[in-house]
Amino acid sequence: MTRWTYRPCIIAGTSRPNDFVVKRDGRDVGRVMQQRLGMSAGGDLVWWWGTWTYPSVHGYAESLEQALEKVRQGATDDLPETDVDRRR
């Protein structure tokens, strides 16, 4: 059975609220983060999601749960044969 988890995304030693790396069986396969849609400060908050598997897919969702489900649906192909994750 596949085990899906997510944890805060850490870049240069720091993380920001509502920004997560998604793991499948302990390996990084995607990312979800909350952001404003559009260039204006008054744009709607949405959840961006994307996968790092091949082929990669990405999009927007209305909630964290929906974004996580989209990553689970999109990250179905195997990762390249390597023990090195591209993101930590």
Side-chain angles (χ1 to χ4, degrees):
M1 187 168 137
T2 304
R3 183 170 175 247
W4 293 93
T5 58
Y6 64 98
R7 63 168 179 74
C9 181
I10 299 171
I11 299 174
T14 62
S15 64
R16 66 179 205 178
N18 297 325
D19 188 357
F20 304 100
V21 172
V22 181
K23 293 178 169 267
R24 180 182 67 205
D25 295 328
R27 296 190 68 191
D28 296 352
V29 295
R31 185 175 177 189
V32 297
M33 70 178 97
Q34 194 173 38
Q35 63 184 51
R36 293 222 176 266
L37 189 59
M39 298 297 287
S40 67
D44 293 334
L45 279 173
V46 295
W47 287 89
W48 177 90
W49 60 270
T51 64
W52 299 330
T53 56
Y54 182 80
S56 63
V57 292
H58 64 274
Y60 295 98
E62 294 180 10
S63 69
L64 172 60
E65 293 77 20
Q66 289 175 355
L68 291 170
E69 181 58 30
K70 291 291 190 177
V71 171
R72 285 190 284 271
Q73 292 171 3
T76 56
D77 285 341
D78 290 330
L79 292 168
E81 293 295 323
T82 179
D83 290 333
V84 178
D85 284 333
R86 290 180 282 182
R87 304 209 180 211
R88 296 215 180 263

Cys9 versus Ser15, closest heavy-atom pair with distance: O-CB, 3.1 Å

Minimum side-chain heavy-atom gap Gln66-Val32 below 4.5 Å: no

Counterpart residues, salt bridge (Lys or Arg N to Asp or Glu O under 4.0 Å), relative to Asp19 (two or more places apart): Arg16, Arg31

Thr51 side chain reached by Val71 side chain, heavy atoms, under 4.5 Å: yes

With sequence neighbours excluded, residues passing salt bridge (Lys or Arg N to Asp or Glu O under 4.0 Å) with Glu69: Arg72

Tyr60 side chain reached by Leu37 side chain, heavy atoms, under 4.5 Å: yes

Aromatic ring pairing Trp47/Phe20, orientation class (parallel under 30°, perpendicular over 60°, tilted between): parallel

Heavy-atom check, side chain of Leu68 versus side chain of Trp49, under 4.5 Å: no

Atom pair CD (Gln35) and CG (Leu45), whose distance is rounded to the nearest 0.5 Å: 9.5 Å

Any residue meeting side chain to side chain donor-acceptor pair (under 3.5 Å) with Glu62, in chain and number order, not counting sequence neighbours: none

Contact summary for Arg24 and Val29, nearest pair of heavy atoms: CB-CG1, 3.9 Å

Heavy-atom side-chain proximity of Thr5 to Arg3 below 4.5 angstrom: yes

